[in-house]
Amino acid sequence: MKGAKLGWKIWAAYLILTLLPLVVTTVAVVWFLPEEIPAHYGVFGEVDRWGSKYESFIFPLLIIPFSGLMFGTAKAASMEIWQSNGTGRKIVLACGVIGLLIFNAVNGFFLYTSWEMVEDLGEVPDIGLRILFLVLSLLIVALGLWMPIVKRNAWFGVRTKWTMESETVWVKSQKFGGKLFAAAGLVSFISVIFPMSWMMGITCVSVFAAAVGSALYSRREGLREKSEKTNNKL
């Protein structure tokens, strides 16, 4: 019963986060936004095109196909042979919720720049982006802590040839990879005190290093297990 309730909570959050950008944008367009808004910014963060406030609907409408794609993937994951208990579906939905949270934040940022008629993104306080990176860092830590308890699946975790062929290698790789991703999340969390470009670079490098390190570890353990099996046959 508890697992079912958790599933319903995820579905509810998923639906709300899918429709919320469209609802908020509708309210903003009808009552708050000027007729003409910044429609596009150049590489230096300055407005290079102005457009109708109704263009604000483009991004919220693009979120809906993404939501539908994740929904279909979740349905497919529920049929995964390794995930008859529904774990695969929950993993995909959780990733979808994370993506939708980020899209909601981005949509809010777009509406803010339209409402304030921001002509240069350099004038926008970066506190919002830093808060977003703080949330992202905590999510990376949470995913890292989750990895060691996830059963073998085709959707989440260290998924390499070696982990998918061996349950033992899977378990070892998830424990090791979980530590790497949790550490990457902590490094990303600390990086918010640095300038914006450094913060983004540190986050990308730390997550990439965690992914590469996890894959290399799984390869080492996979080859070691294969070598041990070969020696036992001799």
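In what follows, residues are counted from 1 in the order of the sequence shown.
- Leu134 and Met200 end up in the same hydrophobic cluster when Ile, Leu, Val, Met, Phe, Trp and Tyr side chains are linked at under 4.5 Å.
- Listed for the Ser214 side chain is a donor-acceptor partner under 3.5 Å among the backbone atoms of Ala210.
- Arg220 and Glu225 are not joined by a salt bridge, as no carboxylate oxygen comes within less than 4.0 angstrom of a charged side-chain nitrogen.
- Taking the six-membered ring where tryptophan is involved, the planes of Phe59 and Phe110 are perpendicular, since the angle between them exceeds 60° and thus also 30°.
- In this structure a side-chain-to-backbone donor-acceptor pair under 3.5 Å is missing from Ser188 to Gly185.
- In this structure a side-chain-to-backbone donor-acceptor pair under 3.5 Å is missing from Tyr112 to Asn107.
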Inset, instruction - Let me see the working for Lys172 and Glu167 under salt bridge (Lys or Arg N to Asp or Glu O under 4.0 Å), right down to the final yes or no. - result: CA-CA 9 Å; Lys172 290 182 178 180; Glu167 180 67 26; over 6 Å; no
Inset, instruction - Show your working on side-chain contact (heavy atoms from CB on, under 4.5 Å) between Phe181 and Leu143 and close with a plain yes or no. - result: CA-CA 7 Å; Phe181 276 97; Leu143 291 175; over 6 Å; no
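- Of the possible polar contacts, one joining the Arg152 side chain to the Met164 backbone as a donor-acceptor pair under 3.5 Å is found.
- Expressed to the nearest 0.5 Å, how far CD1 of Ile64 lies from CG of Leu69 amounts to 14.0 Å.
- Looking only at side-chain heavy atoms (C-beta outward), Trp198 and Pro195 come within less than 4.5 Å of each other.
- Residues Leu186 and Ile140 fall into different hydrophobic clusters, defined by Ile, Leu, Val, Met, Phe, Trp and Tyr side chains chained together at heavy-atom separations under 4.5 Å.
- For the atom pair NZ (Lys226) and CD (Glu221), the distance works out to 15.0 Å, reported to the nearest 0.5 Å.
- Contact check on Glu36 versus Lys53 returns no salt bridge, with no Lys/Arg side-chain nitrogen under 4.0 Å from an Asp/Glu carboxylate oxygen.
- The minimum heavy-atom distance between Ser114 and Ser56, with the atom names listed, is OG-OG, 4.4 Å.
- No chain of hydrophobic side-chain contacts below 4.5 Å, direct or via other Ile, Leu, Val, Met, Phe, Trp or Tyr residues, connects Val141 to Val187.
- Residue Trp50 places its CH2 atom among more than 12 non-hydrogen atoms of other residues, nucleotides or ligands, all under 6.0 Å distant.
- Judged by distance alone, with hydrogens and angles left aside, the side-chain atoms of Thr26 form a donor-acceptor pair with the main-chain N or O of Leu22 at under 3.5 Å.
- For the pair Ser137 (side chain) and Phe189 (backbone), a donor-acceptor distance under 3.5 Å is present.
- Nearest heavy-atom pair across Ala39 and Glu55 is CB-OE1, 3.7 Å.
- Around CZ of Phe66, the count of heavy atoms belonging to other residues, nucleotides or ligands within 6.0 Å exceeds 12.
- What you find for Pro38 and Val47 is that their closest heavy atoms are CB-CG2, 3.7 Å.
- For the pair Ser206 (side chain) and Thr203 (backbone), a donor-acceptor distance under 3.5 Å is present.
- Under the 4.5 Å side-chain heavy-atom criterion for ILVMFWY residues, a single connected hydrophobic cluster contains both Leu33 and Leu61.
- Atom CD1 in Ile37 sits 7.5 Å away from atom OG1 in Thr113 (nearest 0.5 Å).
- To the nearest 0.5 Å, atoms OG1 (Thr18) and OH (Tyr14) are separated by 5.5 Å.
- Contact between Phe32 and Val27 at its shortest, heavy atoms only, is CD1-O, 3.7 Å.
- Remark: side-chain polar atoms of Ser166 are paired, donor with acceptor, to backbone N or O of Val169 under 3.5 angstrom.
- Listed for the Asn104 side chain is a donor-acceptor partner under 3.5 Å among the backbone atoms of Leu100.
- Neither Val212 nor Val207 shares a network with the other; the hydrophobic side chains, linked directly or stepwise wherever heavy atoms of I, L, V, M, F, W or Y lie under 4.5 Å apart, form separate groups for each.
- Taking the six-membered ring for Trp and thresholds of 30 and 60 degrees, Phe57 and Tyr54 have nearly parallel ring planes, at less than 30 degrees apart.
- To the nearest 0.5 Å, atom NZ of residue Lys175 and atom CD1 of residue Ile149 are 12.0 Å apart.
- Here the NZ-OG1 distance, from Lys161 to Thr163, works out to 11.0 Å after rounding to the nearest 0.5 Å.
- Residues Ser218 and Thr160 bring a donor and an acceptor atom of their side chains to less than 3.5 Å of each other.
- Without hydrogens or angle criteria, Arg219 side chain to Tyr217 main chain gives no donor-acceptor distance under 3.5 Å.
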